[in-house]
There are 2 protein chains.
Amino acid sequence: MTIHHHPGKERIDAVRAFNRFYTRQIGLLDEGLLKSAFSLTEARVLYELAHRDGLTATDLARDLGLDPGYLSRLLKKFEERGLVERAAIEADARRSSIALMPAGRQAFAPLNRGSHDQVAALLDRLAASDQDRLVKAMQTVQRLLGGDGAEPKVPYLLRPLQVGDVGWIVRRQGLIYAQDYGWDETYEALVAEILGAFVKSFDPKWERSWIAEREGEVVGSVFLVRKSDEVAKLRLLYVEPSARGLGIGKRLVDECVSFARARGYRTLTLWTNDILVSARRIYEAAGFKLAEEERHHSFGKDLVGQNWNLEL
Amino acid sequence: MTIHHHPGKERIDAVRAFNRFYTRQIGLLDEGLLKSAFSLTEARVLYELAHRDGLTATDLARDLGLDPGYLSRLLKKFEERGLVERAAIEADARRSSIALMPAGRQAFAPLNRGSHDQVAALLDRLAASDQDRLVKAMQTVQRLLGGDGAEPKVPYLLRPLQVGDVGWIVRRQGLIYAQDYGWDETYEALVAEILGAFVKSFDPKWERSWIAEREGEVVGSVFLVRKSDEVAKLRLLYVEPSARGLGIGKRLVDECVSFARARGYRTLTLWTNDILVSARRIYEAAGFKLAEEERHHSFGKDLVGQNWNLEL
DNA sequence: TCGGATACTTGACTAAGTCAAGTAAATGAT
DNA sequence: ATCATTTACTTGACTTAGTCAAGTATCCGA
C-alpha cells in the first residue's frame with residue numbers, strides 16, 4: 001500500500017555516485033584478500049559456507065550471483081582439497097548440501113580475520129559517534145534496497161518516553177504538520193511547551209506516555225495527562241507517515257483508554273482539529289463523541305478545533 | 001582533533017555484512033552493462049572520462065584501482081577506435097591528458113542511459129520518503145568513508161530558526177547532556193519549554209536565534225531573548241560534539257553580543273552551570289564576568305549554577 | 001506418464017586482468 | 001651540472017577467473 005514516486009534526477013545521480021564510490025571501496029577492501037591462496041569468489045563462497053548451513057550449489061549461485069558451471073568446478077576443487085563435503089539430500093537426489101570441513105574452516109579463518117581487521121582499521125579512523133552513524137546509514141541502505149518488502153518480525157513496539165524522544169516528537173510533528181497542512185512554527189512550539197510541561201509535572205501514577213518504535217525508530221506517540229481526579233486528557237497523538245496503516249494510531253489510543261479506565265478516570269477528553277481526518281476516525285472508532293467545535297486562528301491558519309469525549 | 005575509538009565487534013560485523021550485501025548489489029547492477037560492447041572496466045573508464053576533464057592515465061588507474069598495463073592497452077584500443085584522444089601535457093612529456101572524442105561520447109551514451117534507467121527502476125520501487133532516506137544514508141556512508149578529512153568548503157553557516165529546528169535542538173541537547181553529564185529527562189523538558197516559549201512570544205525586533213548548519217545538518221545554536229529594555233539574555237548555547245573545534249561556539253556568542261549591542265541593550269546576561277567548562281571559556285573570552293553562583297539540584301544532579309553578565 | 005523444469009556437470013573457450021621488465025622523462029640530492 | 005631515483009607510461013608473456021553451450025539425472029505437475 002506504499003505510494004511510489006518517480007525519482008528525480010538528483011536522486012538517481014546520487015545513487016549512481018554512491019555505486020561508483022562503493023565499487024571502488026569494495027575493490028580496495030578486496031585487494032587485501034587477493035594475496036591469499038583464494039580468489040575473491042572463493043573467499044565469498046567460503047564465507048557463505050561458514051555462516052550458513054545446508055546450502056546447496058544453487059543457493060550459492062543465486063545468492064552470490066555466480067555461474068553454475070564455474071561454481072560446480074570451484075566446489076569440486078574444494079572437495080578434492082578436503083575443504084568441503086557434499087551430503088546427499090534425501091528428498092532430492094539432484095541436490096546436495098554443502099558444508100565446510102574442519103580443514104575448510106581452518107583455511108577460512110585467516111581470510112576472515114584479514115577482512116575483519118581491515119574493516120576494524122577502517123572504522124578505527126572514525127570517531128565513535130561517526131562509527132555509529134556509518135553503521136546506521138549502512139543498515140538503512142541495506143534495509144531499503146534489500147528488504148524488498150521484508151517486513152520486520154515485530155511490526156512495532158510500545159515503550160515509555162526516553163531522553164531524546166521529546167525533541168524527536170516535537171520535530172516530527174512540527175515538520176509533518178508544516179508539510180501537510182502548512183502550519184507555521186508556532187505549532188512546533190506548542191508541542192514543545194506541552195511536552196516540556198508533561199515531563200516536568202509528570203505523575204507516573206496518573207499519567208503515561210507511549211512511544212511506538214519500529215526498527216529502532218520512533219514512529220508514533222501519545223500522551224495521557226491528568227486534568228482532575230475524574231478527567232484525563234489524551235494529547236499529541238501522532239503516527240509517522242511511513243508507519244501508517246499498521247494500526248499504530250488505533251493501538252496508541254486503545255492503550256490510553258485502557259490506562260484511563262484502569263486508573264479510574266470517568267472521562268477521557270481530547271482536542272483536535274477537523275482537518276485531521278484520519279485521527280478523527282480513530283477517535284470515533286474508540287467511542288469518542290464530538291462535544292463541541294470552535295473556530296480559531298492558530299499556527300498561521302484558520303482552523304476548526306474540536307473537543308471529543310469518551311465516557312469510561 | 002577527533003577522538004577515535006576502537007570499534008566493537010557488532011559494528012565491524014555490520015559493516016562487513018553491508019560490504020557483502022553491496023558487493024552483490026553492484027554485481028546485479030553491473031549485469032545490465034555486461035551485454036553492451038564494453039566491459040565493466042571499460043564502462044567505468046568511459047564514465048570517468050565523460051565526467052572529468054584533463055585526466056591522465058595515472059589518474060584513472062589510481063581512481064579506479066586499475067593495473068597501469070591493462071589500462072594502457074585499454075586506452076590504446078579506445079584511441080584506435082577513435083573514442084578518445086590523448087593530448088600532450090606541455091609541463092610533462094611523460095603524461096598526456098585523455099579526453100573523450102565525439103564518437104566516445106556517442107558510445108558512452110547508451111551505457112549511461114542504461115545505468116541511469118536501472119537505478120531509476122530501483123528507486124521507483126520505493127516510496128518518495130524512502131528514496132530520500134536512501135540517498136541521505138548513502139551520502140552519509142560516502143562522506144564518512146570517502147571524506148577522509150575532505151573538509152567542506154564552507155565549514156558552517158548561520159541562519160535563523162526554521163520549522164523542525166526546535167525539536168532537533170531539544171533532542172540533541174537532551175541526549176548530549178544525558179550522555180556527558182548524566183542529566184535526566186527534565187533537562188530536555190526544560191529546553192523544550194524554553195524554546196516553546198521563545199517561539200511563541202518571539203519579538204523579531206528584540207530577539208533572535210542563530211542556527212549553525214554544516215552540510216545541511218544542525219550543529220549548533222544560540223538564542224537571544226529580551227528580559228527588559230536594558231537586559232538581554234543569551235540562552236541555550238550548544239555545539240554538536242562532532243562540530244567542536246571549528247569556532248562555532250565563539251561565533252554564536254559573538255553574533256549574540258553584536259546583536260545585543262546593535263539593539264541598544266545595556267547588559268547581556270546568561271545562566272550556565274560550572275561543569276560546562278568549554279562554554280565558560282567562550283563566555284570569558286567574550287568578556288562576560290561571573291556575577292553569582294548558587295547550588296541547586298536539577299536534572300537529577302547536584303549542580304552549581306552561574307550567572308554571567310556582559311556590560312555592552 | 002510424459003513434457004517440461006531443475007540441479008547440477010563437463011567441455012571448450014576467452015575476456016579480463018596480472019606481473020615483470022623496459023623506456024623516456026622528471027625530480028631531487030649532491 | 002650530473003647522476004641516482006622516481007614517475008608515467010608501454011610492451012610482452014602469461015593465467016585465472018569466468019562464460020556459454022550442451023549434456024545427464026532427477027523431479028514435478030497435469
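Keep in mind it's a predicted model, so treat the numbers as computed, not measured. In what follows, every heavy atom counts, from backbone to side chain, and hydrogens, waters and symmetry copies are set aside. Sequence lines set the chain letters: A, B, ... in the order given, protein chains first and strands last, and positions in each chain run from 1.
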- Can you tell me the distance, in whole Å, between the CD atom of Glu79(B) and the P atom of dT10(D)? 8 Å

- Task: Check whether any side-chain N or O of Thr58(B) sits under 4.0 Å from OP1 or OP2 of dC9(D), and answer yes or no.
- Result: yes

- Item | Rounded distance in Å - CZ (Phe78(B)) to C1' (dA16(C)) | 13 Å

- Query: Separation of Asp59(A) atom CG from dT6(C) atom C1', in whole Å?
  - Reply: 13 Å

- Does the side chain of Arg20(B) come under 3.5 Å of the side chain of Tyr47(A) through a donor N or O and an acceptor N or O? yes

- Does Thr56(A) put a side-chain nitrogen or oxygen below 4.0 Å from OP1 or OP2 of dA7(C)? no

- Task: Could you check how far CZ of Arg62(A) sits from P of dC8(C), rounded to whole Å?
- Result: 11 Å

- Taking for each residue the nucleotide of DNA chain D with the nearest heavy atom, is it Glu42(A) or Ile89(A) whose nucleotide lies nearer the 5' end? Glu42(A)

- Note on the structure: For Ala50(A) and Arg105(A) the tightest heavy-atom approach is O-NH1, 3.9 Å

- Message: Please classify the nucleic acid contact of Asp92(A) as base, sugar-phosphate, or nothing, using heavy-atom distances under 4.0 Å.
- Response: sugar-phosphate

- Note on the structure: Closest of dT18(C), dA17(D), dT9(C) to the Ser39(A) side chain is dA17(D)

- Query: Hey, is CD on Glu284(B) packed in by over 12 heavy atoms from elsewhere, all under 6.0 Å?
  - Reply: yes

- Query: Nearest to the side chain of Ala93(A), which nucleotide is it out of dT7(D), dC9(D), dT26(D)?
  - Reply: dT26(D)

- Item | Tyr70(B), nearest nucleotide to its side chain (from dA16(C), dA26(C), dT10(D)) | dA16(C)

- Closest to the 5' end of DNA chain D, once Ala91(A) and Leu66(A) are matched to their nearest nucleotides, is Leu66(A)

- Query: Of all the choices, dT11(D), dC8(C), dA26(C), which nucleotide is nearest to the side chain of Lys76(B) once you look at every atom?
  - Reply: dT11(D)

- Query: What is the distance, rounded to the nearest whole Å, between atom CG of Leu71(A) and atom P of dT10(C)?
  - Reply: 13 Å

- Compare the minimum distances between each of dC9(D), dT18(C), dT9(C) and the side chain of Pro68(A), then state the nucleotide with the smallest one. dT9(C)

- Message: A side-chain contact here means heavy atoms from C-beta on lying under 4.5 Å apart; do Trp168(B) and Ile211(B) qualify?
- Response: no

- Task: State whether Arg214(B) and Glu240(B) are salt-bridged, where the test is any N-O pair (Lys NZ or Arg NE/NH1/NH2 against Asp/Glu carboxylate O) under 4.0 Å.
- Result: no

- Task: Calculate the interatomic distance between Glu31(A) atom CD and dT18(C) atom C1'; express it in whole Å.
- Result: 13 Å

- For Arg86(A), answer base if it contacts any base atom (sugar-phosphate contacts may also be present), sugar-phosphate if it contacts only those atoms, and nothing otherwise; contact means non-hydrogen atoms under 4.0 Å. sugar-phosphate

- What's the CG-P distance between Leu40(B) and dG18(D), to the nearest Å? 12 Å

- Message: Taking the minimum atom-to-atom distance to the side chain of Arg94(B), which one of dA7(C), dC9(D), dA8(D) wins?
- Response: dA8(D)

- Message: In this structure, how many angstroms lie between the C1' atom of dC8(C) and the CG atom of Leu74(A), rounded?
- Response: 14 Å

- Task: Considering non-hydrogen atoms only, spot the tightest contact between Arg16(A) and Asn112(B) and give its length.
- Result: NH2-OD1, 2.6 Å

- Message: Looking at dT11(D), I'd like to know if its phosphate oxygens (OP1 or OP2) sit under 4.0 Å from a side-chain N or O belonging to Ser72(B).
- Response: no

- Query: Reckon Thr41(B) has a side-chain N or O less than 4.0 Å from the OP1 or OP2 of dG17(C)?
  - Reply: yes

- With no angle test and no hydrogens, is the base of dG17(C) tied to the side chain of Arg73(B) by a donor-acceptor pair under 3.5 Å? no

